[in-house]
Amino acid sequence: MSTLSRTRPSVGGLNGAVASAHPLASQAGLETLRTGGNAIDAIVATAATLNVVEPYMSGIGGVGFLLFHPAGGDTRVLNFSGYAPRAATADQLTPEDQDIGPKACLVPCNLGGWLEALQAHGTQPADQVFSRAIELAERGFPLHPVNARMIEATLPRLNEAGRAIYGQVEPRIGSVLRQPALAETLRNLAAHGAEWFHGGPLGQKMADYIQSEGGLLTIEDLQDPKLEWQEPISISYRNLEIKTCPPNCEGFQILQTLKLLEPYDLQTMGHNSAAYIHLLSETIKLATADRIKWSGDPRFHPLPLEELLSESYLAERRNQIDSQRASHSEGERWQGKRTDAHVSPGKVDGLTTHLTAVDAAGNAASITQSLGNGFGSGVFIPDTGVAMNNFAYWTEIDPDCPTPGLIGPGKRWSCCMSPVHVFRDGQFWFSMATPGSYGILQTTVQMILNVVEFAADPQAAIEAPRFRVYEETRMEIEDRVSERVRNELTQWGHSLELIGDYSLLVGGGQSVMIDPVSKARVAGADPRRDGYAVAY
């Protein structure tokens, strides 16, 4: 049994479990399972409800990925990660345009993704699956702690239509937020389908407004959401199989980090010892450098994935690790020309939310979805309750940028959202992932290792102290890592910044698991946000 502590227990049941960043969304998913729905019905119900109860993180105007494992079948990925409008070129954008306002949004695809998943693998109609989200939007719900904090912090980003909704609720625990326009939008979408959005009345209203405000999105962009069912990518680690989404997803950084670590005896080092944190941070820096150089839309920029994950390449990369000295990183994304002192990529030829569900049959579904920053671009389409994403922010606009991330017409962005499933003896064992921008690719590795190497249950794996590395030798680290360990890391050249006991800066993970022996469904959720896991 793991010695890692937790503030609350993992939850378990024999029939199903759901974990998300808000208790009301998790309950919506569980109610769907209880009424005969499967994991896909439950994950879509949860995703739609998060649009209502966590509206600054994700929603209809956002994008995402689904990782789905059907019991007894082959794992599938549904890519609804969005892409740049046809008019999107680097010279059309400034750094301010990327972050906020009508030019910041890429083509939103969450709604298309939810409904495609339901059509392909669900068992319940959309109006039933959306019913809890519609009710909570119409009748309202009391603000939870992170609701109050985030609405207050992000309100200045919003246009007039957004402030008319969220400026009318006092940002305190217990205030009731009502979103009647969003309820009507969800009701129409459930009744009329994705066509209502992609090219229909809602899409036309959205395009007309964005165009009137000087944005780039058109009705022609919205008519083609470019939804795509894909095969996952995977590695073997400690005789386990670990799967995530393929590029344009950046999840290969997670896989590469794990493969870099595989030869080391992590258990002997000890959980969150100085040696362990140092080694993990150094492998993260190596994998980050490779991700920055190679990751992008593979339709435009082929990526040598097989070689990046090959043992010969990884062995060469490990030789660059100094066991007692922090290397200098260029940071989490391209920041201009790197110096010789920075960790370089190897030479090769050739604000988000996470939710997950498992049902009685053993189907497992995970979605990571987002608007980008808080309330995305800050642009709400009047009278709809729909906030538009700002994923242009995650693209590059410097025409001299040497990475594949340069924005271009029809290009998918290089997406850090990365749901992960872990398989043991060929059977689904657990899913585990997180929001947190580029920190997703670091936090997910730490949580998985807590289970695989240190026998943590889902809740303990999620709650364990975490860190995140940035540019040069900078590392944010939670205060619960011991002072002795922190002092040793400082002596090895890491520049530490304390971020509190449980920080949003290192994500908000969720997990569901099928116990390999008892087959019980076990789940955990992150107290760093308003996360809750439920089971029955």
Self-check item: Short side-chain donor-acceptor distance under 3.5 Å, His421 and Ser431
Solution: no

Practice problem: Look at the side chain of Lys411 and the backbone N and O of Leu406, then say whether any donor-acceptor pair between them is shorter than 3.5 Å. | Solution: yes

Quiz prompt | Nearest non-hydrogen partners of Thr395 and Gln98, listed with the distance | solution = O-NE2, 2.8 Å

Quiz item: Do Ser58 and Asn110 meet the criterion of a side-chain donor-acceptor pair at a distance under 3.5 Å?
Solution: no

Quiz item: Can you tell if the side chain of Ile242 reaches within under 4.5 Å of the side chain of Val420, non-hydrogen atoms only?
Solution: yes

Self-check item: Closest heavy-atom pair and its distance - Gly82, Cys109
Solution: CA-SG, 3.8 Å

Exercise. Identify whether the distance between the nearest side-chain nitrogen and carboxylate oxygen of Arg412 and Glu228 falls below 4.0 Å.
Key: yes

Quiz prompt | Inter-residue atom distance Leu258.CG - Gln256.CD, 0.5 Å rounding | solution = 10.5 Å

Practice problem: Answer whether the closest heavy-atom distance between the side chains of Gln253 and Ser418 falls below 4.5 Å. | Solution: no

Practice problem: Identify the heavy atoms of Ala126 and Leu115 that sit nearest to each other, and give their distance. | Solution: CB-CD2, 4.0 Å

Practice problem: Examine distances only and state if a side-chain atom of Arg187 and a backbone atom of Phe130 form a donor-acceptor pair shorter than 3.5 Å. | Solution: no

Quiz item: Any chance the side chains of Ser327 and Glu282 put a donor and an acceptor closer than 3.5 Å?
Solution: yes

Quiz prompt | Donor + acceptor pair across side chains of Gln446, Asn450 (<3.5 Å) | solution = no

Practice problem: Could you tell me which non-hydrogen atom of Ala523 sits nearest to which non-hydrogen atom of Pro458, and how far apart they are? | Solution: C-CB, 4.0 Å

Exercise. Flag yes if more than 12 heavy atoms outside Asp91 fall under 6.0 Å of its CG atom; otherwise flag no.
Key: yes

Practice problem: Check the pair Leu202, Asn188 against side-chain contact (heavy atoms from CB on, under 4.5 Å), reporting the backbone distance first and the verdict last. | Solution: CA-CA 9 Å; Leu202 177 58; Asn188 280 322; over 6 Å; no

Self-check item: Residue pair His354 / Thr368, side-chain donor-acceptor N/O under 3.5 Å
Solution: yes

Self-check item: Whether over 12 other heavy atoms sit under 6.0 Å from Gln230 CD
Solution: yes

Self-check item: Thr49 vs Thr46, side-chain contact (heavy atoms from CB on, under 4.5 Å): CA-CA, chis, key distance, verdict
Solution: CA-CA 5 Å; Thr49 304; Thr46 306; 5.8 Å; no

Quiz item: Short question: side chain of Gln510, backbone of Ala533 - any donor-acceptor pair under 3.5 Å?
Solution: no

Self-check item: Any Leu111 side-chain heavy atom under 4.5 Å of Leu189 side chain
Solution: yes

Quiz item: Is the shortest heavy-atom distance from the side chain of Glu54 to the side chain of Met150 under 4.5 Å?
Solution: no

Quiz item: Does the side-chain contact (heavy atoms from CB on, under 4.5 Å) test come out yes or no for Ser370 and Phe391, once each step is laid out?
Solution: CA-CA 9 Å; Ser370 184; Phe391 280 109; 3.4 Å; yes

Quiz item: Just wondering, more than 12 heavy atoms not from Gln211 lying within 6.0 Å of its CD?
Solution: yes

Practice problem: Give a yes/no verdict on a cation-pi contact between Arg333 and Tyr393, requiring under 6.0 Å between NZ or CZ and the six-membered ring centre and an angle within 45° of the axis. | Solution: yes

Quiz item: Would you say the side chains of Thr94 and Glu96 form a donor-acceptor pair under 3.5 Å?
Solution: no

Quiz item: Quick one: does Arg157's side chain have a donor or acceptor within less than 3.5 Å of a partner on Phe375's backbone?
Solution: no

Quiz item: If you round to the nearest 0.5 Å, how far is NZ of Lys285 from NE2 of His328?
Solution: 7.5 Å

Quiz item: CG of Leu182 to CG of Asn51: how many Å apart, nearest 0.5 Å?
Solution: 5.0 Å

Quiz item: Going through the checks in order, is the side-chain contact (heavy atoms from CB on, under 4.5 Å) test met by Ile210 and Cys105?
Solution: CA-CA 9 Å; Ile210 293 294; Cys105 56; 4.3 Å; yes

Practice problem: Using only heavy-atom distances, determine whether the side chains of Glu250 and Ser414 contain a donor-acceptor pair under 3.5 Å. | Solution: yes

Quiz prompt | Ser329 side-chain N/O to Glu472 backbone N/O, donor-acceptor pair under 3.5 Å | solution = no

Quiz item: For the side chain of Asp221 and the backbone of Val107, is there at least one donor-acceptor N/O pair under 3.5 Å apart?
Solution: no

Practice problem: Give a yes or no on whether Glu213 atom CD has more than 12 heavy-atom contacts from other residues, nucleotides or ligands under 6.0 Å away. | Solution: yes

Quiz item: Donor-acceptor pair, Ser175 side chain versus Pro171 backbone, under 3.5 Å?
Solution: no

Quiz item: When rounded to the nearest 0.5 angstrom, what is the spacing between CZ in Arg86 and CG in Asp224?
Solution: 6.5 Å

Quiz item: Under the 3.5 angstrom rule, does the side chain of Arg468 hit a backbone N or O of Val506 as a donor-acceptor pair?
Solution: no

Practice problem: Anything under 30° is parallel, anything over 60° is perpendicular, the rest tilted; go ahead and classify Phe141 against His144. | Solution: tilted

Practice problem: For residues Thr244 and Ile233, determine if any side-chain heavy atom of one lies less than 4.5 Å from a side-chain heavy atom of the other. | Solution: yes

Exercise. Check for a donor-acceptor pair, side chain of Trp394 on one end and backbone N or O of Gly405 on the other, with a separation under 3.5 Å.
Key: no

Quiz item: Considering all heavy atoms of both residues, which atom of Phe252 and which atom of Pro247 are nearest to each other, and what is their separation?
Solution: CD2-CG, 4.2 Å

Quiz item: Under 3.5 Å, side chain of Asn390 to main-chain N/O of Gly378, donor-acceptor pair present?
Solution: no

Quiz item: Considering the options Ser26, Ser20, Ser366, Ser511, which one meets the side chain to side chain donor-acceptor pair (under 3.5 Å) requirement together with Thr356?
Solution: Ser366

Quiz prompt | Contact check, side chains of Cys416 and Glu332, non-hydrogen atoms, under 4.5 Å | solution = no

Self-check item: Closest non-hydrogen atom pair, Glu231 against Thr75
Solution: OE1-O, 4.2 Å

Practice problem: Identify whether the distance between the nearest side-chain nitrogen and carboxylate oxygen of Asp526 and Arg466 falls below 4.0 Å. | Solution: yes

Practice problem: Decide yes or no on side-chain hydrogen bond (donor to acceptor under 3.5 Å, both in side chains) for Asn373 and Asp99, but give the supporting numbers first. | Solution: CA-CA 8 Å; Asn373 289 335; Asp99 177 32; 2.7 Å; yes

Quiz item: Is there a side-chain contact between Asn38 and Asp41 (heavy atoms, below 4.5 Å)?
Solution: yes

Quiz item: Does a sphere of radius 6.0 Å around CD in Glu152 hold more than 12 heavy atoms from other residues, nucleotides or ligands, not counting ones at 6.0 Å or beyond?
Solution: no

Exercise. Kindly compute the distance separating NZ (Lys259) from CG (Leu309), expressed to the nearest 0.5 Å.
Key: 8.5 Å

Quiz prompt | Rounded distance [0.5 Å steps], OH in Tyr209 versus OG1 in Thr384 | solution = 10.0 Å

Exercise. Measure the shortest side-chain to side-chain distance between Ile381 and Lys205 over non-hydrogen atoms and say whether it is less than 4.5 angstrom.
Key: yes

Exercise. Decide if the gap between the ring center of Tyr166 and the ring center of Tyr56 is smaller than 6.0 angstrom.
Key: no

